[in-house]
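Down below is the structure, laid out as C-alpha cells.
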Amino acid sequence: RATFFVVGTAAARHPELLRRMVAERHALGNHTWDHARLNFLCSAAALKRELQRTDEAIFAATGTRTPLVRPPFGARSSRVLRELRRLGYACVLWSVPLAGEWKRMNPQLIARAILDRVTDGSIIVLHDGDRGRAVDRRAVPEATRLLIERLRARGLQFVTVPEMLAQGDPR
C-alpha cells in the first residue's frame, strides 16, 4: 500500500492509472498541476488554480477527493502553508531523504540509499515521472520491489498516509 502524489497533467493523461491505484486501495495526493514551485506563485489564486486543476483531474478519474498535498521540491513558505490550511489541505513531506533515484540507474544503489534511513513511521519518496525531461527511471520499479521485500523482512508494514495519520502519535 502506498500514497501516490500525482501531478495533474499526468493524472489527466493517464486516468486509468489513478483508477487502478484507488481500486488497489492506495491513497492519492495532490502534487500540483504542472509541478510548480508553490513559493514562486504570485498569488493565492494561482496556488489555488494549481491545486484545483489537479483535484478535478483526480476526481474525474476516480470520483474521489484528497485532502493531501505534497509541494513540489518540498518548497513551502509560511504563506503557502497558510493557504493550504485555508483550502483544507494537509501538507505531507517525507522523512527519508531523497535517494537521487532520478540520477541512478542501479536499483540496488537506489534501495541502499533508502534502506539505512528507514525506521518505523518513515515516509519514503520516490519518483516515477520525468516532468518532461529526458530522465530514465526504469530502475525505480525494481528498486521499489527490493525496498518492499527488504522492509517486510524487517517486519515493517506499508500503510497509506491517511492510515498513518489516523493512527496518531504512538507516544
Requested in this report: Could you tell me whether the side chain of Glu50 and the main chain of Thr32 form a donor-acceptor pair under 3.5 Å?
Outcome: no
**Report entry** ILVMFWY network linking Ile124 to Leu156, side-chain heavy atoms under 4.5 angstrom
**Finding:** yes
**Report entry** Approximate separation, where rounding is to 0.5 Å, of Phe73 CZ and Asn39 CG
**Finding:** 11.0 Å
**Report entry** Check: Thr119 and Ser122 side chains under 4.5 Å, non-hydrogen atoms
**Finding:** yes
Query raised in the report: Above 12 or not: heavy atoms from other molecules or residues under 6.0 Å from CD of Glu16?
Result: yes
Query - Donor-acceptor pair, side chain of Thr3 and main chain of Ala27, under 3.5 angstrom - result: no
Query raised in the report: Cluster question for you: counting only ILVMFWY and a side-chain heavy-atom cut-off of under 4.5 Å, with indirect links fine, are Leu146 and Leu109 together?
Result: no
Requested in this report: I would like to know whether Leu151 and Val118 meet side-chain contact (heavy atoms from CB on, under 4.5 Å); could you show each step before the answer?
Outcome: CA-CA 8 Å; Leu151 292 172; Val118 173; 3.7 Å; yes
**Report entry** Common cluster, Val125/Val92, ILVMFWY with side-chain heavy-atom separation under 4.5 Å
**Finding:** yes
Query raised in the report: Who are the side-chain contact (heavy atoms from CB on, under 4.5 Å) partners of Val22, not counting sequence neighbours?
Result: Leu28, Thr62, Thr64
Query raised in the report: Can you list every salt bridge (Lys or Arg N to Asp or Glu O under 4.0 Å) pair that touches residues 139-154, not counting sequence neighbours?
Result: Glu142-Arg145, Arg145-Glu149
**Report entry** Residues clustering with Leu84 (ILVMFWY side chains joined when closer than 4.5 Å, directly or via others)
**Finding:** Leu38, Leu41, Leu47, Leu51, Val69, Val80, Leu81, Leu87, Tyr89
Query raised in the report: Taking only residues two or more places apart in sequence or in another chain, which ones pass side-chain contact (heavy atoms from CB on, under 4.5 Å) with Pro15?
Result: Arg19, Ala61
Query raised in the report: For Glu163, what residues pass the side-chain contact (heavy atoms from CB on, under 4.5 Å) criterion, not counting sequence neighbours?
Result: Arg1, Val159, Thr160
Report task. Return yes if some donor-acceptor pair links the side-chain N/O of Arg70 with the main-chain N/O of His31 below 3.5 Å, else return no. Result -> no
Query - Residues forming a side-chain hydrogen bond (donor to acceptor under 3.5 Å, both in side chains) with Ser95, sequence neighbours excluded - result: none
Query raised in the report: For the atom pair CD (Gln167) and CE (Met164), what is the distance rounded to the nearest 0.5 Å?
Result: 7.0 Å
**Report entry** Smallest separation among heavy atoms of Ala12 and Trp33, with atom names
**Finding:** CB-CH2, 4.0 Å
Report summary line: Residue pairs meeting side-chain hydrogen bond (donor to acceptor under 3.5 Å, both in side chains), one or both in residues 40-49, sequence neighbours left out, come to none
Query raised in the report: So which heavy atom on Ala75 is nearest to which on Pro71, and how close?
Result: O-CB, 3.2 Å
Query raised in the report: For Phe40, what are the other residues in its hydrophobic cluster, where any two members join if their side-chain heavy atoms are less than 4.5 angstrom apart?
Result: none
Report task. Report the residues that fulfil salt bridge (Lys or Arg N to Asp or Glu O under 4.0 Å) with Glu24, sequence neighbours left out, ordered by chain and then residue number. Result -> Arg20
Query - Residue list, ring-ring contact (aromatic ring centres under 6.0 Å, His included) with His26, at least two apart or on another chain - result: Phe4
Query raised in the report: Mind checking whether Thr66 and Ile58 have side chains closer than 4.5 Å, heavy atoms only?
Result: yes
**Report entry** Sequence neighbours excluded - salt bridge (Lys or Arg N to Asp or Glu O under 4.0 Å) pairs with any residue from residues 74-85
**Finding:** Glu83-Arg86
Query raised in the report: Where the side chain of Asn30 meets the backbone of Leu68, is there a donor-acceptor pair that is under 3.5 Å apart?
Result: no
Requested in this report: Report the residues that fulfil side-chain hydrogen bond (donor to acceptor under 3.5 Å, both in side chains) with Thr9, sequence neighbours left out, ordered by chain and then residue number.
Outcome: none
Report task. Could you check Ile110 against Leu126 for side-chain contact (heavy atoms from CB on, under 4.5 Å), going step by step and ending with a plain yes or no? Result -> CA-CA 10 Å; Ile110 295 169; Leu126 289 167; 4.2 Å; yes
Query - Connected via hydrophobic side-chain network under 4.5 Å: Ile123 and Leu165 - result: yes
